[in-house]
Amino acid sequence: MRKKSIKYTFQILLLMATTLLSYFLEPLLGYRAIGIIFLLAIFFVGITGSIFIVFLSALFSALLWNFLFIPPKFTFAIRSTDDSYMYLAFFVVAMISGYLTKRINEEQRLKDSEALYKTLFNSISHEMRTPLTTLLASGAALNEETILQNPSHIKSVATGITEAANRLNRIVSNLLDMSRLDSGAMSLNLEWHDVDDLIGVVRNKLSEELVKHKLHIQVPEKMPLIRIDFNLMEHALANLITNAIMYTPENTDIFLKTNTSGNYLEISVEDQGPGIPTADKNKIFQKFYRIPGTPAGGIGLGLSIIKNIVELHDGFITVENLNPKGAKFSIFLPIKNQPSLPQESAE
Amino acid sequence: MNETRILIIDDEYSIRNILKINLATKNYTIDEAVDGKTGLIKAKDFHPHLIILDLNLPDTNGLEILKELRSWTKIPIIILTVHDDETTKVRLLDAGADDYLCKPFGINELLARVRVGLRNHGHIEATPIYNSDDLSIDLNQKKTFVAGKEVKLTQTEFEVLSRLVREQGKVVSQTTLLKQIWGITATDQNHYLRIYINQLRKKIEKNPSDPKHIITEPGVGYRFI
């Protein structure tokens with residue numbers, strides 16, 4: 001919704017700027033050339049706006065041009081027959097060119113999304129088939145007499161099933177999150193929350209994954225409440241910690257720190273892994289991008305989901321490498337005016 | 001005649017089967033129904049002590065079954081659902097569900113909820129003193145002890161704690177807590193709870209960022225363990 005109104009504002013501003021520019025250029029170019037400037041503006045509208053907006057812009061440009069520039073000025077009348085023909089031509093050309101720009105633009109978008117879906121299906125089919133294979137093989141194994149007679153075999157099969165299922169669960173949750181975020185159907189359920197609480201819930205959820213890493217939590221004594229959609233922010237933070245678990249060696253430390261800096265509350269995750277290659281620092285937040293050579297287990301959605309969620313909260317995310325090794329991801333969330341509390345009578 | 005009977009209403013064979021296997025290890029007697037209609041009949045004939053109800057049934061919505069059951073029985077009902085959004089959870093609790101589990105859930109989680117459901121339904125006697133690990137709460141004397149040492153709680157802190165403690169193991173919704181403690185006009189003042197739960201945790205939890213007693217149920221409420 002908000003995006004739409006921003007777009008409208010952009011188009012209105014564009015028309016106003018064009019009109020203003022034309023006002024100054026008219027003495028130099030003459031009123032006929034002004035039509036070309038308006039045509040140019042409609043091209044731009046075609047790049048960003050819907051066909052409806054293109055039509056409206058063409059209509060308004062025609063009216064503006066007529067009213068302000070074509071003599072007699074400040075009337076909608078047109079004096080000469082030549083100007084009338086030119087005016088009609090302007091309107092037709094404006095509509096057609098606006099429509100064409102729009103179509104070229106849409107075709108490009110379709111091509112882009114097609115490429116995106118190809119990447120998606122490739123990576124999903126690969127990442128999902130691996131755990132599915134484990135599950136199928138485990139089912140078959142548990143039908144084998146020789147395996148059933150050996151308790152340690154059964155145990156290892158059970159562990160394999162759990163791991164494979166967890167991996168599938170992670171992929172499915174991320175896909176669901178992504179499609180919800182993409183569809184724009186997500187309405188934020190903003191409430192005041194305690195960052196300590198957020199951390200507690202995420203830590204509890206990841207307790208199984210955290211057995212091979214040590215998570216150190218550092219939260220200062222007094223922290224402001226933050227206004228967030230708890231579920232979404234929980235997914236964001238869980239994704240960030242899961243990344244630290246998946247892409248760093250076993251038995252290394254992960255630090256989860258919170259702090260206030262200026263008008264922002266910072267939640268950072270520091271690991272002792274290989275860090276992020278400089279060339280990839282900007283790309284890692286793109287959908288489906290995975291740093292070449294990273295171990296299997298993800299489809300490249302985690303960071304783009306986190307970024308998306310954090311930006312929905314008017315925040316931002318940064319990444320830097322640590323000295324001597326490791327990466328540090330920081331989520332910054334705006335601190336809003338704190339709500340008031342009921343007065344408690346002294347004991 | 002000491003058996004505890006559990007009725008499972010779920011259309012998925014694999015879910016029923018794995019629940020049955022796991023519940024049988026705890027010596028519960030199980031019956032099952034594949035749709036809502038059969039579920040309602042069996043709820044009357046089988047006299048279950050607890051019902052596990054899937055929200056997504058082939059013939060009716062599990063929510064309708066829940067409401068129908070609630071019109072004549074108070075037995076604990078645990079709902080299984082694939083929806084993990086807060087609105088669904090709150091709606092379920094409002095409709096009289098004792099608890100819910102979102103698929104995929106862990107079997108230990110389910111067994112814990114079943115135990116709590118059966119206990120809250122009078123299988124264990126009520127007492128004014130609650131113990132949980134190193135924590136002991138005396139509702140009569142209004143005193144709280146951590147590892148044998150008394151901890152001073154403010155009046156409101158104790159109010160919040162005692163309301164959770166009385167429902168030990170069960171999720172208590174934010175709205176219920178706010179209404180009971182601050183009155184009907186405060187039901188949207190969720191931040192009151194954030195502050196008091198934070199203070200409580202600092203006093204009774206070993207590590208407030210890793211709470212073991214007061215568990216947050218995101219968007220729904222809190223659970224005392």
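Residue numbers begin at 1 in each chain, while the letters A, B, ... track the order of the sequences.
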Quick one: what part of [X] sits under 4.5 Å from any heavy atom of chain A, side chain, backbone, both or neither?
X        : value
B:Gln174 : side chain
B:Tyr222 : side chain
B:Asp188 : neither
B:Pro218 : both
B:Asp210 : both

With rounding to the nearest 0.5 angstrom, report the [atom1] to [atom2] distance, [X] to [Y].
X        : Y        : atom1 : atom2 : answer
A:His193 : B:Asn198 : NE2   : CG    : 13.5 Å
A:His235 : B:Asp84  : NE2   : CG    : 5.5 Å
A:Asp197 : B:Ile214 : CG    : CD1   : 10.0 Å
A:Ile217 : B:Asn207 : CD1   : CG    : 6.5 Å
B:Ile197 : A:Asp194 : CD1   : CG    : 10.0 Å

query = Hey, is the main chain of A:Leu225 close enough, under 3.5 Å, to the side chain of B:Arg194 for a donor-acceptor pair?
reply = no

Does [atom1] belonging to [X] count more than 12 external heavy atoms closer than 6.0 Å?
X        : atom1 : answer
B:Lys202 : NZ    : yes
A:Gln149 : CD    : yes
A:Lys336 : NZ    : yes
A:Arg129 : CZ    : no

query = Between A:Arg203 and B:Ser209, which heavy-atom pair has the shortest distance, and what is it?
reply =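 Looks like CD-O, 4.0 Å.
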
key: Atom of A:Gly200, atom of B:Pro211 and distance for their closest heavy-atom approach   = CA-CD, 4.2 Å

Side chain, backbone, both or neither: which part of [X] has a non-hydrogen atom closer than 4.5 Å to chain B?
X        : answer
A:Glu221 : both
A:Ser340 : backbone
A:Asn169 : side chain

task = Would you mind telling me which of A:Asn204, A:Val201, A:Asp196 makes a side chain to side chain contact (heavy atoms under 4.5 Å, CB included) with B:Thr216?
result = A:Val201

